[in-house]
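Worksheet: one structure, shown below.
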Number of protein chains: 2
Amino acid sequence: MTTSHGRIDKRQAILRGAFAVFARQGYAQACVQEIANEAGVAKPTVYNHLTDKATLFKHAVQEAAQVALQQRLTALEPLAVPGDDLRATIEGVGHELLRLHCDEHSCALRRLLYSEITRFPDILDVVIESGPHRLTQALADRLARLTLSGRLRATDPERAAEQLLALLVGPLEARSRMGTRLIDDDELWEVTRAAVDTFLQAYGAADRITAAGTASTP
Amino acid sequence: MTTSHGRIDKRQAILRGAFAVFARQGYAQACVQEIANEAGVAKPTVYNHLTDKATLFKHAVQEAAQVALQQRLTALEPLAVPGDDLRATIEGVGHELLRLHCDEHSCALRRLLYSEITRFPDILDVVIESGPHRLTQALADRLARLTLSGRLRATDPERAAEQLLALLVGPLEARSRMGTRLIDDDELWEVTRAAVDTFLQAYGAADRITAAGTASTP
DNA sequence: ATTCTTTTGAACTCATTGGTTCAACATAGT
DNA sequence: ACTATGTTGAACCAATGAGTTCAAAAGAAT
C-alpha cells in the first residue's frame, strides 16, 4: 500500500543485496552500483526506495539483525519443554546456538556492527533492540522456570544466562580466529559439552553428584 | 641505523597517529593526510616510511596488538605467585584483564581487526601471533601449575583457561553494548566475582565446600 | 486505450583521496 | 663549510564513487 503496490517487493531485494555486498566489502568499500547489480535493479531505483547510502546500510543491518535474533529465540525453545535428560536438552540448544553463531550471515553481521558502530550511532538502536541482550533475557526466563521447577539452581537467572552464553560463544571467538577459520561439527560439540559441563557444575540441581563425575569428599 | 638516525623516530609517531586515526575513522574512511596531521608530519614522509596505506595499516595494527598482548600477559603474573587466598588472586587478575579489555585502545583494536580481517588476509598473522589464543595459552600454563600444586583441579588446563576468559569477557560484550557504553568499576567487579565464582565451582580444589556456600548433600 | 507510477540505463557533476613530483629546507656527521 | 640524507609544503594526476538528471520504457489500474 504505502510502498510499491502489487509488484514483487524490490525493496526487499535491495535490502538483501545491500547486506550481501556490505557484508563482503564493508560499508565504505561497498559501492551502490554493485548493490544495485546484486539486487538485480538499477541504481536510481535504490535511491528511490532508500534515500541514502547510510540509511540503506542502517535498514539492511536492522533486518539482518532481526532475523538473526529470531533464529536464536526459536533455537531456545526446547528449554521450555525439556525431556527427562536436562543436560542433553541444554546441550542441544547450546549446539544449535553455536551453529547459528558460526553462520556466515551471523559472522558478517557481527563484523559490520563492530566496524561501524562508532560512525553510525543510529545502529545502536539495532544492537539494543535485536542484540545479545535480548537473547540473554529470553534465556534467563527459561532458566528461571527451570529453577522454579527444581531442575536447576540458578538463583540469579540473568547471571546464569549470560554466563552460559559466554561459556558457549567465548571459546569460539578465539578458536575460529575471529571468524576466518570455520569449525567442524565435532569441535562444536566439544565446546558445547565443555560449556554445559561447567554450567551444570555451577548451576545444576542437587543431583550434581550423579550428573558430573566429580563427587564431593567421599 | 637502518631507519632514520639520531632524529626522534618519526616512524613511531606515524604508526601511533595511524592507529589513532584508523581507530576512529575505520580503514577506508581514514585519509593519509589526516594521519600525517595526527602524527605531526608531512604526507610524503608517511610514504617515505611506509610504502602503502595498506602496509601502514598492517604495521599500525600489528604494533597495537603487540602492546595489548603484552599488557595482558603482565596482568597474568600474580597467578605465578598466588597468596594464600587463591580466589582473591584470581579475582584480581580477572579484574585487571577486564579493565584492559574495556580500554579504549583495546576496543578500537578489536573493532579494526573485526572489520578488516576479511579484506586483509595479512593481518591474520597478527591475530594468531598476538591474538587471544596466546593469552589463553599463557593462562593455561598458570592454571596447570596451580593444578600440579593441588590448589586447583583443572584436568584440562587449556579448557579451563578459555572458559575462565570466556566467563570474564563474555558478559561484558553484551553489557557494554558492543563497546559503546563504558562500564564503571563496580559493575566490573561484579562481573569478575561472578566469573571467578562459577570458575571455582567447576575447577576449584577440594575445598569447594568451604569456598562456595553451596555444600553437597549433608 | 490511456493514464499514472515505477523502473531503467546512461550520462553527468562534484567531491574525495591515494599516490607522486619537485624544489626549498633542515639536520647530522665529517 | 660541505655533503648526504631526510623532511616539508604545495601542487598535481588519476581513479573512484555518491548522488542526480532525464528521456524512454514497462506495468498496473481504471
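As a basis for the values below, the full set of heavy atoms in this structure was taken, side chains included, without hydrogen atoms, waters or symmetry mates. A note on names: the letters A, B, ... follow the listed sequences, proteins ahead of strands, and every chain is numbered from 1. Since the model is a prediction, treat every value here as computed from it, not as a measurement.
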By ring-ring contact (aromatic ring centres under 6.0 Å, His included), B:H95 pairs with (sequence neighbours left out) B:W189
Sorted by chain and residue number, the ring-ring contact (aromatic ring centres under 6.0 Å, His included) partners of B:F19 (sequence neighbours excluded) come out as B:H105
Students should find that the end-to-end axis angle of the helix from C:dA1-D:dT30 to C:dT30-D:dA1, with five pairs defining each axis and rounding to 10 degrees, is 20°
Rounded to whole Å, please give me the gap between [atom1] in [X] and [atom2] in [N].
{"X": "A:L50", "N": "C:dT7", "atom1": "CG", "atom2": "P", "value": "12 Å"}
{"X": "B:Q25", "N": "C:dG18", "atom1": "CD", "atom2": "P", "value": "11 Å"}
{"X": "A:D9", "N": "D:dA28", "atom1": "CG", "atom2": "P", "value": "14 Å"}
{"X": "A:N48", "N": "C:dT7", "atom1": "CG", "atom2": "P", "value": "5 Å"}

Exercise for the section: Output yes when at least one side-chain N/O atom of B:T45 is less than 4.0 Å from OP1 or OP2 of D:dT7, else no. Expected result: no
| said: I want to check one thing: is the phosphate of D:dT7, taken as OP1 and OP2, less than 4.0 Å away from some side-chain N or O of B:H49? | reply: yes
- Kindly check if the number of other-residue, nucleotide or ligand heavy atoms within 6.0 Å of CD (B:E104) is above 12? no
Residue pairs meeting side chain to side chain donor-acceptor pair (under 3.5 Å), one or both in residues 165-179 of chain A, sequence neighbours left out, come to A:H101-A:E173, A:E173-B:Y114, A:R175-A:E187, A:R175-B:E162
Where the side chain of [X] meets the backbone of [Y], is there a donor-acceptor pair that is under 3.5 Å apart?
{"X": "A:R119", "Y": "A:S115", "result": "yes"}
{"X": "B:S106", "Y": "B:C102", "result": "no"}
{"X": "A:D156", "Y": "A:R159", "result": "yes"}

Please tabulate, for the side chains in residues 50-59 of chain B, all donor-acceptor contacts under 3.5 angstrom to protein atoms that are two or more places apart in sequence or on a different chain.
from  : atom 1 : to    : atom 2 : distance (Å)
B:T51 : OG1    : B:T55 : OG1    : 3.4
B:K53 : NZ     : B:Y27 : O      : 3.1
B:K53 : NZ     : B:A30 : O      : 2.8
B:T55 : OG1    : B:D52 : N      : 3.2
B:T55 : OG1    : B:D52 : O      : 3.2
B:H59 : ND1    : B:R11 : NH2    : 3.4

Protein heavy-atom contacts under 4.0 Å, written 5' to 3' over nucleotides 13-20 of chain D as B (base), S (sugar-phosphate only) or - (none), form the string ----SSBB
